[in-house]
Amino acid sequence: MAKENAWKRYQAQNSSGARAALFISHAESFRAKLDELCSFEFYDEYSMPPDAKRFSVRVNASCNQGAIDATLNALSGAAGTARANSLPFTFVFLARRASDSTAFIDKVTINAKSTTGTSSSETIADMAGSTDGASLGGSVEGATVTTSAETQTKGTVQKRDTQFSFVVEQSEGVDNAVTNVLATAGYDVAKYSDVIGECPGPGLDEVVASFANPEPNQAELLPSDLRRRMVGAAKAQPCSMAFFAVGILDILKAEEQQDGDAIVTVALTIEVRDIRKVIPTAVASIPRVQYQQRGRDRIEAANKALTMAAEDGVRQIVDMLRQRGL
C-alpha cells in the first residue's frame with residue numbers, strides 16, 4: 001500500500017497528459033516492476049506499541065527516470081524499439097533572447113462633419129408716452145438672428161504590436177538533451193545541421209535569421225516556404241527522415257536574487273511533423289510552456305533552464321508519439 005501510494009504521488013508530480021495516459025494503460029506492468037524502477041525507504045511515523053494493530057509509516061521514494069522511459073518504450077507495442085529503430089528523426093532547436101524592440105504609436109484618424117443652420121424672426125415694439133403735454137407715439141421694427149451648429153465625429157484607431165528583434169544561437173546542451181531523450185526512446189537521431197550536409201537545403205544562417213526577425217503576424221514557428229524547403233531536404237534521398245521537429249526556447253527574463261544567485265525563465269515551443277507523407281502532418285506539439293531554474297549567475301541559470309526545458313519537452317513529445325503508435 002505504501003509503495004503504491006508513493007508511486008501514485010510520483011505519477012501526479014511527473015506526468016504530462018500523454019504520459020499519464022500511458023501509465024494508466026500499463027498500470028499492472030508498472031506495479032510489477034516498482035522495485036526495479038524505484039527505491040523506497042520506510043520510516044516509522046509514530047512510536048507505536050508492539051501489539052498495535054494499525055500503524056503509520058513515511059515512505060521516501062526515488063525513481064530512475066531513464067529506467068521508466070525505457071520501460072514505457074518497451075511496453076509501447078508497435079511503437080517500441082523494434083519499430084522506432086527504423087524511424088529516423090531530425091530536429092532543429094534554437095534559443096533566443098530579445099535584443100531590441102520597436103513600439104509603434106497608435107495612428108488615430110478622425111472624420112468630422114459640421115452642420116450650421118440660421119433662423120430669423122421679426123419683432124415690432126410699440127412705444128407710447130407723453131412729454132410736456134405732447135403726445136409721442138411710434139414703432140420700432142427689429143430682427144433677431146439665431147445660429148445653431150452641430151458637429152459629428154467618427155474615426156478609427158490603428159494599433160500595431162511591438163516588434164522584437166532577437167539574438168538567436170544554438171546550444172550544445174540543448175542539442176545533447178534532445179538527442180539523448182530521442183535516442184533513449186529508440187529513434188535514429190540526426191540534427192538538421194547534419195542532414196543538410198548530405199541533402200542540400202536551407203542553411204542554419206537562414207533559419208536563424210527567420211527566428212531572429214519574425215514577422216509581426218507570423219503565427220507559426222517557421223514561415224511556410226522556409227519550412228517546406230527544410231522538410232524537402234529532410235525527405236530527400238539518401239536522408240529519408242521520418243520526423244521533423246522544430247523547437248524554440250525563448251529566454252524571457254533573468255532575475256537577480258538577494259543572495260547573488262539568478263533565476264531565469266524560459267518558454268518552450270515545439271512542433272513535430274510526420275514527413276513521410278506527401279503532405280507533412282503535425283503529430284505532436286507543445287504550445288509555449290514556461291520553465292525556471294536557479295544558478296550562481298545568469299549564464300548558469302539560463303543553461304540549466306534551457307536544458308531542463310528541452311529534456312522535459314521532448315520527453316512529452318515522445319509520449320505523444322507513443323500514444324499515436326509512432
Side-chain angles (χ1 to χ4, degrees), residues 14 16 18-19 64-74 76 79-96 168-199 201-204 207-208 211 221-222 227 230-231 233-236 238-251 266-276 280 282-286 289 291 293 300 302-322 324 326:
N14 297 276
S16 63
R19 174 154 294 207
N64 186 325
Q65 186 65 58
I68 292 173
D69 289 342
T71 301
L72 277 173
N73 192 56
S76 297
T81 54
R83 181 178 176 186
N85 281 335
S86 64
L87 296 178
F89 201 122
T90 188
F91 69 90
V92 55
F93 273 56
L94 295 172
R96 69 183 179 184
V168 180
E169 57 191 18
Q170 285 184 285
S171 169
E172 185 175 348
V174 167
D175 286 351
N176 290 341
V178 174
T179 299
N180 181 60
V181 174
L182 291 174
T184 300
Y187 297 98
D188 288 336
V189 188
K191 294 189 292 186
Y192 176 76
S193 56
D194 296 330
V195 168
I196 57 177
E198 295 293 332
C199 303
L204 282 181
V207 179
V208 167
F211 279 124
L221 287 181
L222 288 172
R227 185 183 64 248
M230 293 175 71
V231 167
K235 292 175 64 172
C239 295
S240 303
M241 292 287 136
F243 298 106
F244 174 76
V246 178
I248 188 68
L249 298 111
D250 285 308
I251 301 175
V266 170
L268 170 69
T269 306
I270 304 177
E271 63 177 30
V272 181
R273 294 176 184 265
D274 185 342
I275 61 176
R276 293 171 293 177
V283 290
S285 65
I286 294 178
V289 179
Y291 298 84
Q293 274 287 29
E300 180 181 279
N303 287 336
K304 290 170 67 176
L306 291 171
T307 301
M308 180 182 70
E311 286 181 345
D312 184 71
V314 176
R315 191 171 288 117
Q316 292 184 49
I317 290 295
V318 168
D319 290 339
M320 294 176 194
L321 296 177
R322 286 189 181 117
R324 297 172 66 99
L326 298 174

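Values in this document were obtained by computation on a predicted structure and should not be read as measured data.
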Checklist entry - When you check the gap from the basic side-chain N to the acidic O, do R322 and D319 get nearer than 4.0 Å? => result yes
Over all heavy atoms of both residues, which pair between [X] and [Y] is shortest? Give the atoms and the distance, please.
| X | Y | answer |
| --- | --- | --- |
| I275 | A234 | CD1-CB, 3.7 Å |
| A190 | T90 | O-OG1, 2.8 Å |
| L87 | L326 | CD1-C, 4.1 Å |

Checklist entry - Does the R96 side chain pair with the main chain of F211, one donor and one acceptor, at a distance under 3.5 Å? => result yes
For residues [X] and [Y], determine if any side-chain heavy atom of one lies less than 4.5 Å from a side-chain heavy atom of the other.
| X | Y | value |
| --- | --- | --- |
| D250 | V266 | no |
| L306 | I251 | yes |
| L182 | V314 | yes |
| I286 | T269 | no |
| F89 | D188 | no |

Item to check | side-chain contact (heavy atoms from CB on, under 4.5 Å) between V272 and F91, intermediate numbers included | outcome: CA-CA 9 Å; V272 181; F91 69 90; over 6 Å; no
Checklist entry - Taking it one step at a time, do V174 and V178 satisfy side-chain contact (heavy atoms from CB on, under 4.5 Å)? => result CA-CA 6 Å; V174 167; V178 174; 4.3 Å; yes
Pairing residues for [X] by the side-chain hydrogen bond (donor to acceptor under 3.5 Å, both in side chains) criterion, not counting sequence neighbours:
| X | value |
| --- | --- |
| R273 | none |
| N303 | none |
| S240 | Q237 |

Next on the checklist: Run the side-chain contact (heavy atoms from CB on, under 4.5 Å) test on M230 and I196 for me, step by step, so that the C-alpha distance in whole Å, both residues' side-chain angles and the decisive distance to 0.1 Å come before the verdict.
Outcome noted: CA-CA 9 Å; M230 293 175 71; I196 57 177; over 6 Å; no
Checklist entry - With sequence neighbours excluded, what pairs up with E300 under the salt bridge (Lys or Arg N to Asp or Glu O under 4.0 Å) test? => result R296
Item to check | Residues that D274 engages under salt bridge (Lys or Arg N to Asp or Glu O under 4.0 Å), provided they are two or more places apart | outcome: R276
Next on the checklist: Between D69 and R315, is the side-chain contact (heavy atoms from CB on, under 4.5 Å) condition met? List the steps.
Outcome noted: CA-CA 9 Å; D69 289 342; R315 191 171 288 117; 3.1 Å; yes
Checklist entry - Is atom CD of Q65 surrounded by more than 12 heavy atoms (other residues, nucleotides or ligands) closer than 6.0 Å? => result yes
Item to check | With sequence neighbours excluded, residues passing ring-ring contact (aromatic ring centres under 6.0 Å, His included) with Y192 | outcome: none
